[in-house]
Amino acid sequence: MTAPSSSPLRVAVAGASGRMGRMLVEAIQNSADCTLTAALDLPHSPAIGTDAAAFLGQTSGVLIESDLKSALSKADFLIDFTRPEGTMAHLAVCAALGVKVVIGTTGFTEAQKEQIAAYAQRTAIMLAPNMSVGVNVTLKLLEMAAKALSTGYDIEIVEAHHKHKVDAPSGTAIKMGEVIAQAQGTKLEDRAVYERFGHTGERKENTIGFATVRGGDIIGDHTVLFAGTGERVEISHKSSSRAGYADGSLRAVRFLAGKSTGQFDMFDVLNLR
């Protein structure tokens, strides 16, 4: 069961020694209503057995471990920004234990998305490709723009991330395409163009193009271009820190505290419907 509102929300973090994991640990350490009760990482991680907040020069009393059941039995919520195969393994245990899950992992297959929906019948899940409040406000702006600019404008989505990111386009870029397509009464799968090479011919009408940049330590930049005749409209979001993702994740935890089952996204959390 979720702890009463007068008690701190007991949160576990997956991938606790990674870049995003550490940002989540720091956010929880600085939170007044959340407490870190478990930290997970891969069995071969050198961080196993160390204090999850050691990188901050703090002692949390929570050691990083790899035993899923042991860790999750000490938490009511899991925040997971790992990889699809890891997240799916975590979800199976969370569903069995009734642990609620905030998922920021991207790159799921359609079959995995269906399995997540099935798990949501057993526990509450918040799944979003981007937890940033600013990104989700941007998605709402894109929805409005897509409706107003539904004819006479070519749409391109350009995203840039650090060199360690393993999936492309980013989950956020795909979500932007899905929001635009849905606002225009279509499906992204019928309009998306992910690659251009060689003699491509003229741009096909009503397509949504994607361009991907990978390099350095770019946290995450996204720009949607509506290119018309005589004018362009650009809607952009640029991240300079992962702190926004961590803050949004804790907002999602607080939202799930009032839910027992069901699948939600950041539009639900931020009341942007």
Side-chain angles (χ1 to χ4, degrees), residues 1-18 20-42 47-48 50-53 56 58-84 86-105 115-128 131 133 242-243 245-271:
M1 294 178 60
T2 301
S5 58
S6 58
S7 302
L9 302 173
R10 304 190 307 155
V11 183
V13 172
S17 67
M20 191 62 216
R22 287 187 169 186
M23 189 63 71
L24 289 165
V25 168
E26 182 174 5
I28 295 168
Q29 287 289 97
N30 293 331
S31 171
D33 60 349
C34 296
T35 184
L36 184 71
T37 57
L40 282 159
D41 217 324
L42 296 171
I48 295 295
T50 64
D51 192 287
L56 294 170
Q58 301 176 7
T59 300
S60 66
V62 175
L63 300 183
I64 298 177
E65 59 184 306
S66 60
D67 188 313
L68 286 178
K69 289 185 178 180
S70 171
L72 294 174
S73 66
K74 294 175 281 194
D76 298 306
F77 305 87
L78 172 68
I79 305 178
D80 191 327
F81 280 75
T82 58
R83 294 190 180 183
T87 299
M88 297 310 295
H90 301 160
L91 272 171
V93 179
C94 286
L97 297 178
V99 175
K100 303 174 185 183
V101 194
V102 173
I103 303 173
T105 304
Q115 185 61 57
I116 292 171
Y119 283 134
Q121 297 179 30
R122 301 165 61 187
T123 191
I125 297 173
M126 206 295 298
L127 170 65
M131 300 293 176
V133 173
R242 292 181 177 82
Y245 307 146
D247 291 343
S249 297
L250 294 191
R251 290 182 70 159
V253 164
R254 297 177 187 112
F255 173 84
L256 289 185
K259 311 295 179 183
S260 56
T261 59
Q263 183 174 328
F264 309 92
D265 61 21
M266 283 300 287
F267 271 31
D268 297 309
V269 175
L270 301 173
N271 196 29

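Predicted, not measured: the structure shown is a model, and the values here were computed from it.
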If every non-hydrogen atom of [X] is compared with every non-hydrogen atom of [Y], which pair is closest and at what distance?
X: A92; Y: Y119; value: CB-OH, 3.3 Å
X: M131; Y: Y245; value: CB-O, 3.4 Å
X: R22; Y: S17; value: NE-O, 3.5 Å
X: A14; Y: T82; value: CB-CG2, 3.8 Å
X: K69; Y: L97; value: O-CD1, 4.3 Å
X: D67; Y: L40; value: O-CD2, 3.9 Å

If you count every heavy atom of other residues, nucleotides or ligands that lies below 6.0 Å from R254 atom CZ, does the total exceed 12?
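More than 12 heavy atoms, drawn from other residues, nucleotides or ligands, come within 6.0 Å of this atom.
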Main-chain N/O of [Y] paired to [X] side chain as donor or acceptor, under 3.5 Å:
X: K100; Y: L256; answer: yes
X: S31; Y: D33; answer: yes
X: D51; Y: S60; answer: yes
X: D265; Y: L127; answer: no

Roughly how far apart are [X] [atom1] and [Y] [atom2], rounded to 0.5 Å?
X: L250; Y: L9; atom1: CG; atom2: CG; value: 9.0 Å
X: I79; Y: C34; atom1: CD1; atom2: SG; value: 7.0 Å
X: K74; Y: R10; atom1: NZ; atom2: CZ; value: 10.0 Å
X: T35; Y: Q29; atom1: OG1; atom2: CD; value: 7.5 Å
X: S66; Y: L68; atom1: OG; atom2: CG; value: 8.0 Å
X: Q115; Y: T87; atom1: CD; atom2: OG1; value: 13.0 Å

side-chain contact (heavy atoms from CB on, under 4.5 Å) with I64: of V25, V13, L42, D41, only one passes, and it is D41
Going through the checks in order, is the side chain to side chain contact (heavy atoms under 4.5 Å, CB included) test met by D268 and F255?
CA-CA 9 Å; D268 297 309; F255 173 84; 3.9 Å; yes
[X] versus [Y]: any side-chain heavy-atom pair under 4.5 Å?
X: I103; Y: L91; result: yes
X: L24; Y: M20; result: yes
X: V101; Y: H90; result: no

